[in-house]
Amino acid sequence: MPELPEVEHATAIARRIAVGRTITSVRVLHPSQRRSLPARAAKSLIGDRILEVQRRGKSQRFRLASGRELHVHFRMTGDWLEPGTSELPRTVRAVFGFDDGSRLVLDDPRALSVVSLCASPAADDGLGPDALDPGLTATAFAAALATRRIPIKVALLDQGVVAGIGNIYASEALWRARLDPRTPSNRIDPSALRTLLRAIRTTLTAALKRQERYYNSNATAEEYSRFAVYDREGEPCRRCRSRIKRITQAARSTYYCPKCQH
DNA sequence: CGCGACCTGCAT
DNA sequence: ATGCAGGTCGCG
């Protein structure tokens, strides 16, 4: 589920429910989440108030009145349940209750989500500039990529380069930019890098819009998850009709068009 | 750098 | 039964 567009949507849900509210209960149901948010820390949240919820790459930060920060990362399958869900699925991993009776419910079948409490906002979180940050310049992007010789697809997944690009949109953006995912990141010329940065933004903003349409209408998940190359091995490229190829990079699937990506 | 580990559900 | 999944860390 969660790439940047899904996390953005989840953040909006969390804001609507939690901002301005005081936490009245915290239930951590799975040992995996207990590890990142031990009972002591969970208990200490009670009485604290949520000032703001921000997205940073694919993680969410809840700024608390106490000055602390609650960090939530969905990893592979986490999500906030839409408000109004009465019957909780058995895959619920944590429940935060608020003073107005509302609650924020972490649903995560694989239980890989990380929920942690930080005493203060981390100065350096290891994340690069956010993929949708308008302040991210082509120059900074190029500088971050120049230091490594790893394949560009792998570099895009490195959250320290740019925060927020996941496996799907890395492939999608490279297809849009007509760039071969295997190209070493330090061997891409400035003009191609500008194209790639634009492609990343276009791909992500288009995904955000498609997603909004999906939530506001009765479009199917099928429709929403129609990608140019991702999960389309063997199917025709939308530009040139060649067969989409799948390769493995850094143990993840990469999809690309062998004919029009160079 | 590549790869297993972390977890569970789902498709084959 | 096996292998795979949209993420990340830590190991060798």
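Remember, it's a predicted structure, so these values are computed and weren't measured experimentally. Note on naming: letters A, B, ... go to the chains in the order of the sequence lines (proteins, then strands), and numbering restarts at 1 for each one.
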CZ of A:R75 versus P of C:dG6: gap in Å, rounded? 14 Å
Using the C1' atom on both, measure B:dC1 against C:dG6 and round to a whole Å. 23 Å
Look at all strands and tell whether A:R148 reaches a base, only sugar-phosphate, or nothing, counting heavy atoms closer than 4.0 Å. nothing
What is the distance, rounded to the nearest whole Å, between atom CD of A:E233 and atom C1' of B:dA11? 16 Å
Closest to the A:N167 side chain: B:dT8, B:dC1, C:dG7? C:dG7
Just by distance, no angles: are the side chains of A:R246 and A:S253 close enough, under 3.5 Å, to form a donor-acceptor pair? yes
Counting distance alone, no hydrogens or angles: does the base of C:dG7 have a donor or acceptor under 3.5 Å from a partner atom on the side chain of A:Q159? no
Between P on C:dC9 and CG on A:L157, what's the gap in Å once rounded to a whole number? 13 Å
Figure out the CG/C1' separation between A:D79 and B:dT8, and round it to whole Å. 16 Å
Got more than 12 heavy atoms from elsewhere within 6.0 Å of CZ, A:R238? yes
Are any of A:K58's side-chain N or O atoms less than 4.0 Å away from OP1 or OP2 of C:dT8? yes
Measuring to OP1 and OP2 of C:dG7, would you say a side-chain N or O of A:H73 lies under 4.0 angstrom away? no
Is a donor from one side chain sitting under 3.5 angstrom from an acceptor on the other, for A:T91 and A:D107? yes
What is the distance from CZ of A:R246 to P of C:dA5, rounded to the nearest Å? 6 Å
Just how far, in rounded Å, is C1' of B:dC6 from CZ of A:R252? 14 Å
For C:dG12, what is the paired nucleotide under Watson-Crick or G-U wobble rules, both distances under 3.5 Å? B:dC1
If only atom types and distance count, is the side chain of A:S185 paired as donor or acceptor with the main-chain N or O of A:A155 below 3.5 Å? no
Indicate whether the side chain of A:Q249 and that of A:T254 have a donor and an acceptor atom separated by less than 3.5 Å. yes
Rounded to the Å, how far apart are A:L204 CG and C:dG6 P? 16 Å
From B:dG2, C:dA5, C:dG6, nucleotide with atom closest to A:S253 side chain: C:dA5
Among the nucleotides B:dG2, B:dT8, C:dG6, which one has an atom lying closest to any side-chain atom of A:M76? C:dG6
Roughly how many Å is it from CG in A:D158 to P in C:dT8, rounded to a whole number? 10 Å
Is any side-chain N or O of A:R90 closer than 4.0 Å to OP1 or OP2 of B:dG9? yes
